[in-house]
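Being a predicted model, the structure only gives us computed values, none of them experimental. Order of the sequence lines fixes the chain letters, A, B, ..., with proteins taken first and strands second; residue numbering starts at 1 for each chain.
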Amino acid sequence: MSTPFRKEEQRVDFVRLEENILALWEREHTFERSVEQRRGRDTFVFIEGPPTANGLPHPGHILTRVIKDLVLRYKTMRGFYVPRKAGWDTHGLPVEIEVEKELGLNTKGEIEQFGVEEFNRRCRESVFRYEKEWVNATKRVGFWIDMDNPYITFMNSYIESVWWSLKEIWKRGLLYKGHKVVPFCPRCETALSTHEVAQGYKEVEDPSIYVKFRLKSDTPSDTPVYMLAWTTTPWTLIGNIALAVHPTHTYVKVRVKEEMQDSILILAEARLEEALCDHDYEVLERFSGETLEGLAYEPLFDYAKITGGAAHKVLTAEFVSLDEGTGVVHIAPAFGEVDYEICRKNNMGFTQPVDSEGRFTDDVPPLTGVFVKDADRVIIEWLKSRGILFREAKYLHSYPFCWRCDSPLLYYARESWFIAMKSLRDSLIANNEKINWYPGHLKYGRFGNFLENIEDWALSRERFWGTPLNLWICESCGAEYCVGSVDELKARALSDLPDDLHRPYIDQVVLRCENCGGEMRRVREVIDCWYDSGSAPFAQWHYPFENIEEFKRNFPADFITEAIDQTRGWFYSLLAVSTAVFNEPPYLNVLSLGHILDENGVKMSKSKGNIVDINPIFRNEGADAMRWYFFTAGPPYDDIRFSEREMRERSKKFMNTLWNSYFFFITYAIIDQFSPKKREEAIPVDKRNYMDRWIVSKLNTVMGEVIEAIERFDIHVAARKLEEFVVNDLSNWYIRRSRRRFWIPEENFDKECAYQTLYEVLVTLCMLLAPFVPFITEHIYQNLVRDKDQPDSVHLCDYPTPVETVIDSELEEAMTVVIKLVEAGRRARSDAGIKIRQPLREVVIVSSNAAILAKVRNLAGILKDELNVREVRLDVESSAVSATDYTRVDVDDTLSLFLNTRLDKELRYEGLVRDIVRRVQGMRKDLDLDYTAEIRIMYDGDAEVEEAVEGFRDYICTETLAAELKRGRNDQMYGKIWKIGDREVYIAIEPLN
RNA sequence: GGGCUCGUAGCUUAGGCUGGUUGGAGCGCUCGGCUGAUAACCGAGAGGUCCGGAGUUCAAAUCUCCGCGGGCCCA
């Protein structure tokens with residue numbers, strides 16, 4: 001009879017193993033089959049958060065991918081149908097910036113000169129370049145996802161779905177045009193993302209001026225009263241629309257001595273000292289800020305063309321700070337986001353005296369064409385000459401500069417299209433109610449708070465590479481039309497449609513205005529790429545133009561996961577789009593992951609140069625090692641400090657132990673030609689010995705705990721339970737305690753039980769571990785399971801579920817007690833200075849708790865073996881144990897162990913013999929003998945040695961596979977003189993053949 | 001500046017919701033032991049202001065507040 005198992009190397013090359021498994025999966029289409037075989041079952045819907053393909057994948061991306069993979073493999077094994085469509089986020093400024101760098105372009109003007117057509121072609125190309133790296137890493141790490149049919153946000157079909165959804169929003173009147181204040185680089189003529197802004201802060205000195213705004217009064221002859229405001233950007237005064245004070249803080253009216261004359265000023269009481277500096281003053285009145293509300297003041301300049309509302313009034317606002325300035329804030333809606341907001345809330349007007357290059361427009365004749373920062377000096381002089389500059393100083397603060405060209409950024413209002421998310425606030429909150437967040441605090445914490453204070457979504461971007469905003473405006477009558485599909489566009493276009501819906505082609509498409517018959521042209525903007533990815537639930541299906549049923553079956557998603565920074569990113573954009581279009585939550589469970597930090601707990605970033613390269617890890621440690629490290633390092637929702645050393649140690653221990661357990665089995669199963677039985681032919685678990693019953697029971701208990709933990713996304717808990725089982729329960733206890741059962745040469749029932757048990761445990765363990773470490777488990781499974789009736793991949797198996805009938809908690813508890821007693825016994829030996837090899841007469845277990853004693857009684861054999869004692873005695877009280885002969889160790893209040901440490905001649909001889917056997921075994925190993933090789937032994941020593949050896953002759957021969965054992969010396973053999981205790985023993989061996 | 005979150009031995013961490021024996025474990029270190037699956041394992045030891053401070057309480061790593069530090073998001 002031939003063995004069904006293939007031999008294994010004791011030291012395995014995990015990297016090569018993984019490469020072989022990758023090839024196997026490829027060859028056998030294992031992934032596709034794992035999905036297909038569940039078709040018709042309940043669907044577990046997952047949406048892949050499309051990676052932004054503008055850089056190489058780093059460890060954080062890998063973490064996200066393996067967590068996704070774990071959950072999806074697990075759900076598949078649990079019987080769900082889990083299709084997985086890959087996705088690529090391909091639009092957006094980051095892609096454009098990469099291309100700009102390559103081409104050496106800096107401004108939008110330069111891009112237009114270069115040609116939008118070619119520019120966008122390169123953007124499209126660059127995205128594919130990075131995609132390759134992603135595909136490789138994704139495959140290598142074992143993330144099973146369908147990358148042959150991905151959704152790609154730049155595809156016409158995707159764009160068409162996005163257009164459709166925007167039209168739905170437009171039809172509901174939720175799409176409007178407004179202004180948005182953005183950080184803007186006047187030289188590059190482009191808005192910067194907050195991320196880019198954050199890169200460019202510098203300490204600079206700016207002017208700090210205190211300006212007097214004269215309040216209007218009914219009688220012009222009155223002594224003028226001024227509001228004293230403070231600003232560090234004098235040029236923005238041209239755009240002043242209002243002043244703001246805090247509603248509840250105390251303000252004062254003071255008489256202040258100035259060089260020429262006294263003046264009456266109003267400012268916050270708390271700012272008096274600092275703002276008035278050395279000036280003498282006299283407080284005339286005190287009042288709260290709200291008394292000032294609505295007062296009108298004289299404009300500083302009359303240049304501004306103000307549209308859409310009132311101007312030059314005092315407003316109240318909570319954001320007014322008393323930490324600096326005067327407590328009176330100058331408000332210019334064109335140059336500050338809070339400024340813009342407060343004006344809008346109070347129906348104030350708007351004025352924009354600056355053009356897109358940061359120069360004053362024709363509206364400001366003396367300054368026309370002057371760059372705003374250069375106007376500061378001029379404006380200060382004007383104010384001074386008019387006597388309304390109260391004070392001038394310098395102010396040191398950090399201010400953002402363009403990371404690319406180093407120009408100071410301007411906060412600058414640009415026209416922008418918005419989605420009125422504020423009006424959907426209640427729906428957003430209601431939909432959030434239906435979502436389970438992991439970790440739970442996000443639901444009402446970071447995310448919930450964000451929804452409570454939601455702002456309208458500034459949707460448009462004045463850029464090139466993005467989904468074109470599908471709005472056409474009539475040149476004659478100003479009518480606005482949102483195109484919701486390609487067909488619609490075709491029907492109204494005056495020319496043929498381009499093959500590509502991107503700029504610049506789409507900009508050529510002119511529509512006939514239904515209103516006046518005039519020509520409609522598209523607005524120039526593209527849309528925020530967050531809207532693209534937020535549309536994934538339907539746009540990946542090209543809904544509603546295709547796959548209507550497919551979409552309905554896959555909405556809402558059961559599960560998504562990304563890193564925590566996506567809370568206001570994709571997690572939000574999904575909810576926002578879905579709420580606006582369907583008024584449904586787009587996902588029901590969301591797992592937010594922590595970030596991967598470097599070894600020192602600092603975020604990995606390009607600029608810090610601390611990004612760990614994952615490719616060497618794949619080459620040296622392998623994917624399973626990395627996966628296991630990520631799964632066990634801590635809760636998935638906490639940050640992980642990535643340490644390669646830690647990763648190696650953590651995974652080595654687990655992977656090696658798992659491998660060695662398997663290797664042990666394979667080695668002996670081949671020797672014994674063990675072949676696995678079908679379930680119905682196997683020896684029933686309850687007929688097997690207690691160790692077998694224990695490990696099976698433990699396995700099933702752990703199984704339950706693992707499933708429970710994964711369902712809660714406590715992946716670290718599940719992984720650690722499994723690791724503990726493999727290392728402690730299986731390897732270090734079950735196999736170590738049971739190995740002699742495998743060494744018995746002849747066939748017997750107990751050995752069969754041991755083989756069957758270890759076999760079953762290993763196979764089941766592979767299934768339990770398959771979602772975590774898919775490579776090694778597949779490899780082991782491939783060798784262990786050869787039956788044609790069984791699935792031919794571990795990933796095609798059902799996830800094991802606990803069998804209640806084999807769980808024996810009594811036995812598990814008993815074993816726990818026994819393990820504690822073994823530890824106590826070892827300690828007693830250590831305390832008494834007697835090594836384990838020396839047999840002892842007895843150990844006495846004393847407990848007042850009869851139930852505990854009963855448990856120990858059944859497993860007393862283990863104590864005998866582990867503690868190397870002849871007898872185990874149980875007693876309810878310790879009085880029968882004499883103090884002199886026994887070493888006592890307490891396990892707890894109710895359980896103690898007494899080790900009899902008295903040695904007689906017989907025990908000493910046995911100890912001596914054991915030492916000799918141990919030396920012989922070591923020498924066999926020195927000679928690299930096969931486990932089954934027979935040997936001849938020569939020994940020499942004093943009379944006691946001879947007496948001991950002769951007394952245990954059979955024992956020695958059996959243990960060392962010796963056919964001959966003689967006293968004497970032989971220089972031809974491999975010999976050594978050993979020091980055992982305080983005597984010398986000569987031992988020599990040679991193999992027989 | 002604001003919100004959320006994390007902060008336990010040299011390192012990685014359990015426990016924290018539900019306050020209550022001497023705060024567990026792994027790696028590393030020292031000593032001793034064991035070893036024919038296991039560069040593995042076992043025993044002992046050194047190593048902790050549980051980030052700091054205040055409060056609640058008979059009792060705080062745990063609950064509350066205020067700081068400090070890391071992270072994320074937002075200003």
Side-chain angles (χ1 to χ4, degrees), chain A residues 8 10-11 194-195 197-198 319 321 323-324 336-338 439-442 444-450 452-453 455 563-569 571-572 592-597 599-604 629 632-635 637-641 643 645-650 652-654 656-668 716-717 720 723-724 727-728 731-733 735-736 738-740 742-743 758 822-831 833-838 866 868 889 892-893 914 917-918 920-926 928-933 959-961:
Chain A
E8 289 285 9
Q10 178 150 8
R11 301 252 176 277
T194 52
H195 180 75
V197 174
F319 67 74
S321 151
D323 295 338
E324 51 188 14
E337 194 169 352
V338 287
H441 62 75
L442 290 172
Y444 301 112
R446 184 186 285 211
F447 196 69
N449 289 340
F450 175 59
E452 293 285 343
N453 302 303
E455 294 291 337
I564 176 97
D565 53 277
Q566 296 299 332
T567 331
R568 297 186 188 197
F571 295 159
Y572 172 66
S592 156
L593 305 176
H595 283 120
I596 307 281
L597 311 178
E599 245 171 324
N600 306 312
V602 182
K603 181 190 164 177
M604 288 186 189
Y629 171 65
T632 52
Y637 35 82
D638 281 350
D639 292 344
I640 293 173
R641 281 190 188 204
S643 147
R645 193 181 50 81
E646 189 78 16
M647 183 193 73
R648 268 191 293 277
E649 278 169 11
R650 217 174 237 289
K652 189 179 73 183
K653 177 170 185 173
F654 167 71
N656 281 349
T657 310
L658 177 62
W659 180 263
N660 287 323
S661 302
Y662 158 70
F663 177 75
F664 172 85
F665 171 83
I666 282 294
T667 305
Y668 289 98
H716 64 305
V717 173
R720 286 170 178 183
E723 176 164 304
E724 209 170 301
V727 173
N728 292 340
S731 171
N732 205 21
W733 193 246
I735 296 181
R736 189 168 63 75
S738 304
R739 55 185 157 186
R740 289 186 164 266
F742 293 87
W743 293 343
L758 185 51
V822 168
E823 285 163 6
R826 290 203 189 106
R827 178 165 178 188
R829 276 181 169 275
S830 169
D831 288 351
I834 301 174
K835 52 190 179 183
I836 302 267
R837 221 164 9 228
Q838 174 61 58
E866 289 284 326
N868 194 13
V889 172
D892 56 42
D893 291 349
R914 290 231 186 167
V917 168
R918 158 83 194 100
V920 173
Q921 305 290 33
M923 291 169 78
R924 286 185 62 112
K925 216 172 178 177
D926 291 345
D928 208 19
L929 299 185
D930 194 80
Y931 304 154
T932 56
E959 285 296 310
T960 62
L961 286 185

For rU57(B) versus rU62(B), give the span between their P atoms, rounded off to a whole number of Å. 16 Å
Using the P atom on both, measure rA61(B) against rG16(B) and round to a whole Å. 15 Å
Once you round it to whole Å, what is the distance between C1' of rA40(B) and CD of Gln10(A)? 10 Å
Under 4.0 Å between a side-chain N/O of Trp733(A) and OP1 or OP2 of rC41(B), yes or no? no
Between rG67(B) and rG10(B), how many Å separate the two P atoms, rounded to a whole number? 28 Å
Between the protein and nucleotides 46-48 of chain B, are there any N/O to N/O pairs under 3.5 Å, and if so, what are the atom names and distances?
none

Considering only atom C1', compute the distance from rG7(B) to rC34(B) and round it to an integer number of Å. 40 Å
Counting only side-chain heavy atoms from C-beta out, which of rA37(B), rG36(B), rA14(B) sits nearest to Gln921(A)? rG36(B)
Sorted by position of nearest nucleotide on RNA chain B, 5' first, the leading residue of Arg918(A) and Asn656(A) is Arg918(A)
Which heavy-atom pair separates Glu8(A) from Trp659(A) by the least distance, and what is that distance? OE1-CH2, 3.5 Å
Starting at the 5' end of RNA chain B, which residue's closest nucleotide do you reach first, Arg11(A) or Phe450(A)? Arg11(A)
Where the side chain of Glu646(A) is defined as all heavy atoms beyond and including C-beta, which of rG71(B), rC11(B), rA37(B) is the nearest nucleotide? rC11(B)
Where the side chain of Lys653(A) is concerned, which of rC42(B), rG71(B), rC27(B) is the nearest nucleotide? rC27(B)
Counting only Watson-Crick or G-U wobble pairs whose two distances fall under 3.5 Å, which nucleotide matches rC63(B)? rG55(B)
Identify which nucleotide among rG70(B), rU38(B), rC4(B) has an atom closest to any side-chain atom of Arg736(A), counting heavy atoms from C-beta outward. rU38(B)
Provide the distance between the two P atoms, one in rA60(B) and one in rG23(B), to the nearest whole Å. 13 Å
Should Tyr662(A) be listed as having a side-chain N or O under 4.0 Å from OP1 or OP2 of rA37(B)? no
Of the listed nucleotides rU38(B), rG70(B), rU13(B), the one nearest the side chain of Asp639(A): rG70(B)
Whether the side chain of Arg650(A) and the base of rU13(B) hold a donor-acceptor pair under 3.5 Å is what I'd like checked. no
Aromatic plane relationship, Phe664(A) with Phe742(A) - under 30° parallel, 30 to 60° tilted, over 60° perpendicular: perpendicular
Protein-nucleotide distance (Glu823(A), atom CD; rC41(B), atom C1'), rounded to Å: 12 Å
Do any N or O atoms from the side chain of Arg826(A) and from the backbone of Val822(A) form a donor-acceptor pair under 3.5 angstrom? no
Provide the distance between the two P atoms, one in rG2(B) and one in rC42(B), to the nearest whole Å. 50 Å
Which nucleotide, if any, forms a Watson-Crick or G-U wobble pair with rG45(B), using both distances under 3.5 Å? rC29(B)
Return the value, rounded to whole Å, for the distance between atom CD1 of Ile640(A) and atom P of rG70(B). 20 Å
Run the numbers on Glu649(A) and Lys653(A) for salt bridge (charged side-chain N to carboxylate O under 4.0 Å, His left out), then give the verdict. CA-CA 6 Å; Glu649(A) 278 169 11; Lys653(A) 177 170 185 173; over 6 Å; no
The residue among Ile735(A), Leu758(A), Ile666(A) that forms side chain to side chain contact (heavy atoms under 4.5 Å, CB included) with Ser661(A) is Ile735(A)
Look at the side chain of Arg720(A) and the backbone N and O of Thr632(A), then say whether any donor-acceptor pair between them is shorter than 3.5 Å. yes
Separation of Asn868(A) atom CG from rC34(B) atom P, in whole Å? 11 Å
Between C1' on rC27(B) and CZ on Arg645(A), what's the gap in Å once rounded to a whole number? 8 Å
Listed nucleotide nearest any side-chain atom of Arg739(A), set rA37(B), rA14(B), rU12(B): rA37(B)
Please give, in whole Å, the distance from rU38(B) C1' to Lys652(A) NZ? 12 Å
Main chain of His595(A), side chain of Asp639(A): is a donor-acceptor contact present, judged purely on distance under 3.5 Å? yes
Which part of the nucleic acid, if any, lies within contact of Ser731(A), taking any heavy atom under 4.0 Å across all strands shown: a base, the sugar-phosphate backbone alone, or nothing? base
Tell me which one of Leu593(A), Asp638(A), Leu442(A) satisfies side chain to side chain contact (heavy atoms under 4.5 Å, CB included) with Ile564(A). Leu442(A)
Interatomic distance where CZ belongs to Arg740(A) and P belongs to rA37(B) [whole Å]: 9 Å
Considering Watson-Crick and G-U wobble pairs with both distances under 3.5 Å, what does rG36(B) pair with? none
Listed nucleotide nearest any side-chain atom of Asn732(A), set rU38(B), rC41(B), rA14(B): rC41(B)
With the side chain defined as heavy atoms from C-beta on, Arg826(A) is closest, among rG43(B), rU12(B), rU38(B), to rG43(B)
Interatomic distance, Arg446(A) CZ vs rG71(B) P [rounded to whole Å]: 13 Å
Centre-to-centre under 6.0 Å for Phe447(A) and Phe571(A), is that the case here? no
Taking the side chain of Asn660(A) as heavy atoms from C-beta outward, which of rC6(B), rA39(B), rU12(B) is closest to it? rA39(B)
